[in-house]
Amino acid sequence: MYSLATIDYIIIAIYLMMMVGVGIWFSKRHSNFDDYFLAGRSLTTPILITTLISTYYGIDVLFGDSQLAFTDGVVAWFGYARPTYAFFLIAAFLLANRLKKEDFRSLPDILDKYYGKKTRYIGALASFIYSLPALSLYGFGMLGDIIMGWPPFVGMLILGGIALVYTLTGGFWAVALTDSIQFVMMCVVLAIAVPFAFNVIGGFDTMIDLLPAAYFESMGDLSIWLVIIYASTGLTILVEPTFYQRIFAAKSYKNVRNALVIGIFIWGSYDWIVTILAMAAKTGQIQGIIPMDVAPDASLLTIMVVALPAGVLGLFMAGVLSTEMSTLDSYCLVAGGNVAYDFYKPALKPDASDDELIQKTRWGIGLSWILGFIMATAFDQMLGLWVFMASILISSVLVPILGGLFFPKFHKPLAGLLSTGLGLTSTVILNIYIMTQGTFVEAEETYVLHIGSWEIFQEYLMYITLPISFMGFILGVIFGKEKHS
Amino acid sequence: MSGWEIFTWISVGILGIGSIIVFILFLRDLPELLKKSEKETP
């Protein structure tokens, strides 16, 4: 636990009360499901920027980027963060327009339209699993420990519980508006932190003098294969359910496109500042300002505690909480929508009223939170769990979604079913196999399976499961009898 | 001042000032958004 001043705790408490207040404010302002789930499809460019950025960047990015920058330097930005901007551009100019033309409400809606109900259910299951907030709750456990000295499960219950309350009560309106407050918090405090960090270590030139030259090489010491693996994590953007939800909630395609293009500059700046602050932490470690045994993923917080004065540190910690809350609320809402709109309505009650759907969405939000909590407390290796959850989504829905959007001739139910079904099944089997039969390598922070002289990392499995999904799609196109009407 | 440092200060400007501008534009749209949510409430 880091020592914070009273003013820091007051700032954090005010921030948390504001979030709950927004949820209560919106608790009785929903007339229909579209309003609760998509904010009445009325989001303009500024609110889309704020909600897209704050949702997609959780503390996994904050600590993940900073960890890599602390150990390897600017490659964290060039190799890990930068390729994702290309996927955002693809999404802005190729994907969003097609998605906005239809009256979709969720990602499985797309699968239903092109391939039928069975594919919808598999896609909804993949989306639900991916959206479980296990990693966010784990992050709250860590933050509760760092800020308040709480045991991890207390931090998960209190901090994660606050995000749950305003998501349950306020729906997407509350999520989008709290995202906006969280966006400005997380961006401004990070920008403010830079001069303080430089002041502590003696300026940027000191960093250049003390860090190894490889820290300033754009591809560092990483192999090209590892860079390709890191870069391909950006594929999630193309099937990210919270991203799709924001496209559907936008007022028009132009709003989405403009938000993404402007957002890339802010994303890029955010990633670069995180990279530089982590490198400043490394410099501070060499100078003896921060402890030699600091964990790489805790380096950013540690240098901030040393560098920031009371009050500013409270703002920074509130900004870190914002980063995670804005992620948890959005994923819980998507998971809740999967339960109500993608399972309950089509499978059990096609004539469900909007009030029923809102109620069932709230049940789904609660269910996803509880499952996420169980996973966050039960699993030791959260990174392995995250790789598993992300590859379930990519391997199940990437091929049929892109195939459906861009190749109308391939709208055959068998293609969707085989692609999603084989992708999901192979991902589950292979990941469980590597997580039970492989060994967890601390240095690589991943599960590794040894077959003869071969080493198979858990991250590589997607390069097996994605082609399996693709093969299923092709087989379905060839042998499928008729197009889905 | 090195190229890295210049890039860093540009990023600080985009992140700090850019996010505040976006937030101000959001506040400008907020009354209309709130009106819309009120209109849809029975």
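Each chain gets a letter, A, B and so on, in the order the sequences are listed, and its residues count up from 1.
Atom CG of Leu25(B) sits about 9.0 Å away from atom OG1 of Thr44(A), to the nearest 0.5 Å. Here the SG atom belonging to Cys187(A) is positioned 13.0 Å from the CD1 atom belonging to Ile17(B), to the nearest 0.5 angstrom. Rounding to the nearest 0.5 Å gives a distance of 8.0 Å between CE of Met207(A) and OG of Ser2(B).
Closest approach of Phe265(A) and Ile14(B) over heavy atoms only: O-CG2, 3.8 Å. Across all non-hydrogen atoms, the minimal contact from Gly16(B) to Val188(A) is O-CG2, 4.1 Å. Scanning all heavy atoms of the two residues, the minimum distance from Val194(A) to Thr8(B) falls at CG1-CG2, 4.3 Å. Across all their heavy atoms, Pro46(A) and Phe26(B) have their closest contact at CB-N, 3.5 Å.
Only the side chain of Ile49(A) has a heavy atom closer than 4.5 Å to any heavy atom of chain B. If you measure heavy-atom distances from Ile208(A) to chain B, the contacts under 4.5 Å come from the side chain alone. For Leu30(B), the part sitting under 4.5 Å from any heavy atom of chain A is the side chain, from C-beta outward, and nothing else.
Chain B forms the most heavy-atom pairs under 4.5 Å with one residue out of Val74(A), Thr275(A), Asp205(A), and that residue is Val74(A).
Aromatic rings from Phe198(A) and Trp9(B) are positioned such that their centres are separated by under 6.0 Å. Side-chain rings of Trp4(B) and Phe204(A) stay apart, their centers remaining 6.0 Å or farther from each other.
The shortest side-chain heavy-atom distance between Leu15(B) and Leu190(A) falls under the 4.5 Å cut-off.
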Practice task
Give the C-alpha distance, both sets of side-chain angles, the deciding distance and a yes or no for side-chain contact (heavy atoms from CB on, under 4.5 Å) between Ile47(A) and Asp29(B).
Solution key: CA-CA 8 Å; Ile47(A) 196 168; Asp29(B) 287 352; over 6 Å; no
